Amino acid sequence: MMPPGRILPPLLLALLALGPAAPCSPRPNATRFVCTEPTLSTFPTGLPPTTVAISVEFTALATLLPTALAGLPRLRELHLSSNRLAVLPEAVLRPVPTLRVLDLTENLLADLPAGLFAGTDHLQHLVLRGNRLRALRPAWFRHLPRLQWLDVAANTLAELPPGVFLPLRSLRSLDLSRNRLASLPPGALAGLRALQRLDLEGNGLGTLPPAAFAPAPALRLLFLQDNALQVLPAGIFVPLRHLRVLDLARNRLRALELPPRPPGPALDLDISGNPWACECPLLALLRRVAPRLSAARDTLCATPPRHQGQEVAAVSQAGDTGCEPRGDRQRPPDH
């Protein structure tokens, strides 16, 4: 406590008169700007033209002006995750044609302007995870020939327009998990010949078209767990000769389709949590392809009665004398 009659120094008086400092003030000539101040409600101004990366995350930011990024010609990364953005101006990205990374995770976006990405043909990494998007617009992707990573997980997408990804010839990773896609239309993946990773986990998929993955022959990782698949179309994985990881866990499958075994490491396969029919076709397939089974203890036979509750891998490895060919005949399945 200050003694009675003590006079405050002039500098301290001046600072008190200015009030509290504005949160996250930019520094001159800086190349990176980071702000995670929860009370921030307007996009910072006065950022130097040397800025190459901006991270404004976990704030109260709810709006962006069309000119928010003006004067930042070198900007390559823009991280705006975990804010309160519900609308983006169509012209907001036009001042930053060199942008490579845009992260809009966990905002309130239900739609995007059709021309939002018209001037961002250098964009390589786009994250829209955890918003409220109900549909994907083909216009968003027309100007993104260099895009390599697209994450639209955890939205409310109920369908994919056929050919929506056609312009994305450089795309390597596509995450559509945790949406509401009950089916994939034929040609949904058209144009994605460079795609290596596809995540469709947790959508409630009930069916897949026979040629669902034919447009993406470079796929190496395919995630289909936590859906409602009961039957796989014959030959659905045949085009995927580079596949290394396949996750079919927690569906309703009784029979299995696998791609031909490629040279190199065995396929990493998770088929746990399905009601497998441990009949001759499944057992012979597993012996022939010899995948590395993940979660083997949860990969159990539901039928026939003699194998019910047993691990599929153990039954397959032990062999089943009932599957030995007798001329042209095999033992019929149990009923």
Side-chain angles (χ1 to χ4, degrees), residues 85-93 102-105 107-219 221-224 226-229 232-233 236-237 239-240:
L85 295 168
V87 177
L88 294 179
E90 188 163 37
V92 70
L93 300 179
L102 177 60
D103 185 356
L104 291 161
T105 300
N107 278 282
L108 306 174
L109 298 165
D111 198 3
L112 298 175
L116 179 64
F117 303 110
T120 59
D121 60 349
H122 290 279
L123 197 65
Q124 297 176 0
H125 194 121
L126 175 59
V127 184
L128 297 165
R129 167 185 291 263
N131 280 278
R132 300 177 180 180
L133 297 174
R134 294 183 292 270
L136 298 181
R137 294 178 180 265
W140 297 346
F141 307 123
R142 286 176 188 158
H143 306 283
L144 300 176
R146 296 177 176 86
L147 195 68
Q148 297 181 19
W149 182 289
L150 175 60
D151 185 344
V152 288
N155 280 279
T156 58
L157 303 176
E159 61 181 2
L160 297 178
V164 66
F165 303 121
L166 264 173
L168 303 181
R169 58 180 179 267
S170 301
L171 199 67
R172 301 289 191 273
S173 177
L174 174 59
D175 194 336
L176 292 160
S177 62
R178 293 185 290 124
N179 278 284
R180 300 176 183 176
L181 301 172
S183 63
L184 291 182
L189 304 179
L192 299 180
R193 296 194 62 81
L195 193 68
Q196 297 183 12
R197 180 184 185 275
L198 175 61
D199 194 339
L200 288 161
E201 174 189 358
N203 269 288
L205 285 167
T207 60
L208 292 171
F213 307 118
L219 269 179
L221 299 93
L222 177 56
F223 301 97
L224 290 164
D226 295 305
N227 282 290
L229 297 169
L232 294 172
I236 189 169
F237 300 128
L240 306 182

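In this text, all values refer to a predicted model and were calculated from it rather than measured experimentally. Sequential numbering from 1 along the given sequence is applied to the chain's residues.
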Heavy-atom nearest pair, Ile236 first then Ala212, reads CD1-CB, 4.4 Å
State, with a plain yes or no, whether a side-chain heavy atom of Leu168 is found less than 4.5 Å away from one of Leu174.
no
Given side chains that start at C-beta, do those of Leu93 and Leu123 come closer than 4.5 Å, heavy atoms only?
no
Smallest heavy-atom separation, Pro89 atom then Pro113 atom, equals C-CG, 4.2 Å
Could you check Arg132, Arg134, Arg137 and say which one makes a side-chain hydrogen bond (donor to acceptor under 3.5 Å, both in side chains) with Asp111?
Arg137
Separation between CG (Leu221) and CZ (Arg172), nearest 0.5 Å, reads 14.0 Å
List the residues meeting side chain to side chain donor-acceptor pair (under 3.5 Å) with Arg197, not counting sequence neighbours, and say none if there are none.
none
State whether the side chain of Ser170 and the backbone N or O of Leu147 hold a donor-acceptor pair below 3.5 Å, judged by distance alone.
no
Please list, chain by chain and in numerical order, all residues satisfying side chain to side chain contact (heavy atoms under 4.5 Å, CB included) with Leu104, sequence neighbours excluded.
Leu80, Leu85, Leu88, Leu102, Asn107, Leu109, Leu128
Could you tell me if the side chain of Phe237 sits less than 4.5 Å from the side chain of Leu222, heavy atoms only?
yes
Would you compute the distance between atom CZ of Phe117 and atom CG of Leu112 and round it to the nearest 0.5 angstrom?
5.5 Å
Below 4.5 Å, heavy atoms only, C-beta onward: do Ser173 and Gln148 meet side chain to side chain?
no
One should read off an interatomic distance between Leu195 CG and Phe213 CZ, to the nearest 0.5 angstrom, of 10.5 Å
Might you confirm whether atom CD of Glu159 has over 12 heavy atoms from other residues, nucleotides or ligands at distances under 6.0 Å?
no
Are Leu144 and Pro167 close enough that some pair of their side-chain heavy atoms sits under 4.5 Å apart?
no
Could you grab the distance from atom CG of Leu176 to atom CG of Leu160, nearest 0.5 Å is fine?
5.5 Å
Point-to-point distance, once rounded to the nearest 0.5 Å, from CG of Leu166 to CG of Leu192
8.0 Å
Of Val127, Asp151, Leu200, Leu150, the one forming a side chain to side chain contact (heavy atoms under 4.5 Å, CB included) with Asp175 is Asp151
Heavy-atom closest pair (Ala194 atom, Arg169 atom, distance to 0.1 Å) is CB-O, 3.5 Å
So which atom in Asn179 and which in Leu157 form the shortest heavy-atom distance, rounded to 0.1 Å?
OD1-N, 3.1 Å
Verify, without hydrogens or angle tests, whether Asn131 (side chain) and Leu133 (backbone) share a donor-acceptor contact under 3.5 angstrom.
no
Using every non-hydrogen atom in the two residues, find where Asn155 and Gly130 come nearest and quote the distance to one decimal.
ND2-N, 4.0 Å
Parallel, tilted or perpendicular: which fits the ring planes of Phe141 and Phe165, with parallel below 30° and perpendicular above 60°?
tilted
Grab the two heavy atoms, one from Leu181 and one from Leu205, that are nearest each other, plus how far apart they are.
O-CD2, 3.0 Å
Is there any salt bridge (charged side-chain N to carboxylate O under 4.0 Å, His left out) pair reaching into residues 201-217, and which pairs are they, with sequence neighbours excluded?
none
